[in-house]
Protein chains: 2
Amino acid sequence: MPAPDRTAAKEKFMAFLEEKNLRITTQRRAIVDTVFGTDQHFTAEQLLEWARERDESVSRATVYRTLPLLTESGLVHEMDFGKDYKIYDPNYADHPNHNHIICDDCDKIVEFESNKLDELENEISHKLGFSVKSQQLRINASCEEMKKLGECKNKGL
Amino acid sequence: MPAPDRTAAKEKFMAFLEEKNLRITTQRRAIVDTVFGTDQHFTAEQLLEWARERDESVSRATVYRTLPLLTESGLVHEMDFGKDYKIYDPNYADHPNHNHIICDDCDKIVEFESNKLDELENEISHKLGFSVKSQQLRINASCEEMKKLGECKNKGL
DNA sequence: AGCAAATCGAGACAGAGTCTCATTATCAAA
DNA sequence: TTTGATAATGAGACTCTGTCTCGATTTGCT
């Protein structure tokens, strides 16, 4: 998988910063270049590690401060699998309507889209009196099974 | 909501311990009485707090050691919403096939069952090459909306 | 009662994330 | 281009959930 070209996303984020009168710093540049230079989902710690490869001076605090901005801008999707464990998806702007399956043991994430599922989720939530803000279907499977099946390859839906 | 009578569940767990040549200690008794004396979902920390009201000597370590036993016995359901944040459901033995909606802000949990949803989840997972071990649909809604609608009352499905 | 093994509590440790605070960098206006 | 208000920074203290170790205690079988 080649690194995607997300110059557009990067520029949108810079515009977003300007709009909010926030400053474009060298650390933020390193972080943003990292985020939009990968296809993979990542955690805050991973982002810190990767961003430091570009700019040694990036600190943990700055990563944690920049992530909410990226989320707020709509360019990155935050998946909250618990109170204190977030995973970020840099592909969000390209295809905002997908669900995720998380593999239990090897931590791989498989994306898929299903209108039927979306509709059913909305229908159920509505009946329960919720207005859905976001929804995450988490399906756990064991690595044993996944290995047999060729590393969680999305076979199309 | 009156405290449920789960004498049966408690006795099943004691039998489970005996089967595995594990010992019935006063601390475990306090923990088990607590677990099967509530209808509510709880976290490990909450369980620690509640169990200590029955027996001051219950330690954090013992709670964390007993929880996996309760899960293994099949009497309590562990919902893992992240790497390090688990919520436990003591009603599991009574109705094992339900899903959960988690409220974002007030942390309430609403249970529901939907065969249609179960079927669709299984179908999708199968197509993706997974054999489902467990699945959790997490739907987030804001407290604002929930308050308007009467505290997340399950309106029947 | 006696004993081996299971269990215990305390507290050190780990990982994710938040917060403070003194210092530095940005950028718009002069 | 200098200035200056203030946004942003890094370091590190701190919180919270959970794990692990270890010496002391309890259990339950004989």
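Every chain is numbered from 1 and lettered A, B, ... according to where its sequence line falls, protein lines coming before strand lines. What you are looking at is a predicted structure, and each value in this text was computed from that prediction instead of being measured.
With rounding to the nearest 0.5 angstrom, the OG1 atom of Thr38(A) is 12.5 Å from the CG atom of Asp33(A). Distance CD/Glu49(A) to CD/Gln46(A): 7.5 Å, rounded to 0.5 Å. A distance of 10.0 Å separates CZ in Arg52(A) from CD1 in Ile31(A), rounded to the nearest 0.5 Å.
Proximity note for Glu45(A) (side chain, C-beta onward) versus dA8(D), dA16(C), dA11(D): the nearest is dA16(C). Listed nucleotides: dC27(C), dG18(D), dG17(C). Nearest to the side chain of Ala44(B): dG18(D).
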Exercise for the section: Walk me through it: do Lys116(B) and Leu120(B) pass the test side-chain contact (heavy atoms from CB on, under 4.5 Å)? Expected result: CA-CA 6 Å; Lys116(B) 263 203 280 182; Leu120(B) 188 53; over 6 Å; no
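Between the NZ atom of Lys20(B) and the P atom of dA5(C) there is a distance of 19 Å, given to the nearest Å. Here the P atom of nucleotide dT27(D) and the CZ atom of Arg28(B) are 11 Å apart, to the nearest Å. Rounded to whole Å, the distance from CD on Gln46(B) to P on dC16(D) is 14 Å. In this structure, the OH atom of Tyr64(B) is 16 Å from the P atom of dA10(C), given to the nearest Å. Between Leu17(A) atom CG and dA25(C) atom P there is a gap of 19 Å when expressed in whole angstrom units. Between the P atom of dA29(C) and the CG atom of Asn21(A) lies a distance of 10 Å, rounded to the nearest Å. Across the protein-nucleic acid pair, Glu18(A) atom CD and dA8(D) atom P stand 13 Å apart, rounded to whole Å. Rounded to whole Å, atom P of dT27(D) lies 7 Å from atom CD of Gln27(B).
Taking every heavy atom of both residues into account, Leu22(A) and Arg28(A) meet most closely at CB-NH1, 3.9 Å.
One donor-acceptor pair, N or O on each side, does fall under 3.5 Å between the base of dG9(C) and the side chain of Arg65(B). With hydrogens and angles left out, the side chain of Arg23(A) and the base of dT6(D) share a donor-acceptor pair within 3.5 Å.
Positionally, the nearest nucleotide of DNA chain D for Ser57(A) lies more toward the 5' end than for the other of Thr26(B) and Ser57(A). Across the interface with DNA chain D, nearest-nucleotide mapping of Thr43(B) and Arg29(B) shows Thr43(B) to be the residue nearer the 5′ end.
Between Thr62(B) and dT7(C) there is no side-chain N or O to OP1 or OP2 distance below 4.0 Å.
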